[in-house]
Amino acid sequence: MNFRRIFLVKCLLLLFPSVKCSVTNWFYVAVNESALLSIAAAGSVYDVTWVKDRKRLLQLKDRKVKYYVNKEQCRCKIFLNGTLHIEQVVKEDSGQYTVTVYEQDGKLKAEEHTMFIVQEPVPQPILSAECMNKTVSVKCEVKQKTKNETFLIEVTQDKSKKIQKNATRLELHTRYSGAFRCVVKNQVSEKMVEKVINCSGQLDLYLILSIAGGVVFFVIFMILLIYCIRRKKAERLEDDGKCLRLKHLCFMLLTIHLNS
Ligand SMILES: *[C@@H]1O[C@H](CO)[C@@H](O)[C@H](O)[C@H]1NC(C)=O
Ligand SMILES: *[C@@H]1O[C@H](CO)[C@@H](O)[C@H](O)[C@H]1NC(C)=O
């Protein structure tokens with residue numbers, strides 16, 4: 001059972017001094033689980049009535065239970081301490097539940113409101129990626145089971161993180177390849193998917209080609225240089241000019257390569 005509660009305090013006391021402070025609890029449960037809705041006010045209870053969306057469900061008075069709805073249909077029962085128990089909850093059980101507690105002398109002891117929300121567990125998200133030029137485009141998607149169903153989606157990569165609330169998809173564009181993780185949550189469950197996406201294939205090829213090209217140019221340059229030096233030694237006087245031209249050619253080739 002998942003009892004995640006968010007207490008939302010609607011205190012109207014400041015605006016209307018005559019109005020009692022009313023507290024609304026938010027209570028989320030996953031479909032098919034069972035739920036216990038308890039009474040926050042302490043002490044014994046004599047007369048308790050549970051109401052869902054203004055429709056009376058049942059009443060516990062002087063230890064006797066009276067149903068106002070079909071018992072099978074509501075799958076509910078009440079404990080002697082006033083706690084309402086709902087079995088195998090369905091989406092339709094969602095609503096505002098109000099409990100009123102009276103003392104034996106008829107004095108109102110407590111009135112509490114609970115927003116009860118039944119959610120489907122999150123479906124498995126789908127993480128996909130596309131390599132575009134030098135960027136990675138990562139997409140995390142969740143298929144809705146029902147309309148209006150939204151999730152909190154979180155896509156992370158190393159230190160970067162992108163979060164989107166009330167969404168069914170989230171896209172992330174980055175220049176870096178690597179491991180991506182997508183986490184999808186609602187109030188009752190979360191699912192995760194991880195994928196390593198590598199878009200550097202093309203980049204690596206360019207790098208290899210340019211290194212190979214550099215090596216080739218360097219080798220040619222060295223051969224020409226050695227050739228020049230040897231020739232220079234042999235024919236120091238006559239062929240100086242020719243060799244200089246050759247040297248120039250070498251430097252030109254090198255410059256062209258470096259500039260590319
Ligand atoms: C709900 O739970 C019952 C057992 O507690 C199980 O038999 C049934 O298959 C479940 N239904 C769904 C839709 O998960
Ligand atoms: C009320 O009683 C039920 C069953 O005995 C128990 O599970 C639940 O925890 C009780 N709740 C409170 C608030 O005491």
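Residues take their numbers from the sequence shown, with the count starting at 1. Both ligands and their constituent atoms are indexed starting at 1 by order of listing.
- For atom 7 (O) of ligand 2, the closest non-hydrogen atom on the protein side is L36 CD1, 4.2 Å.
- Checking atom 9 (O) of ligand 2 against the protein gives no heavy-atom contact under 4.0 Å.
- Regarding atom 1 (C) of ligand 2, its nearest protein heavy-atom neighbour is N81 ND2, 1.4 Å.
- Remark: Q164 engages A167, L170 in a side chain to side chain contact (heavy atoms under 4.5 Å, CB included) (not counting sequence neighbours).
- Taking NE2 from H173 and CD from E130, the interatomic distance works out to 9.5 Å, rounded to the nearest 0.5 Å.
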Without placing hydrogens or testing angles, list every side-chain donor-acceptor pair under 3.5 Å for residues 54-63, not counting sequence neighbours.
residue	atom	partner	partner atom	Å
R56	NH1	Y68	OH	3.1
Q59	OE1	Y68	OH	3.0
Q59	NE2	D47	OD1	3.0

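- Annotation: atom 3 (C) of ligand 2 to nearest protein heavy atom, F79 CD1, 3.5 Å.
- Using a cut-off of 4.0 Å between Lys/Arg side-chain N and Asp/Glu carboxylate O, E171 and K139 are scored as not salt-bridged.
- A 4.5 Å side-chain heavy-atom check between V122 and E190 finds every atom pair outside the cut-off.
- Counting protein heavy atoms only, atom 13 (C) of ligand 2 is closest to S38 CB, 3.9 Å.
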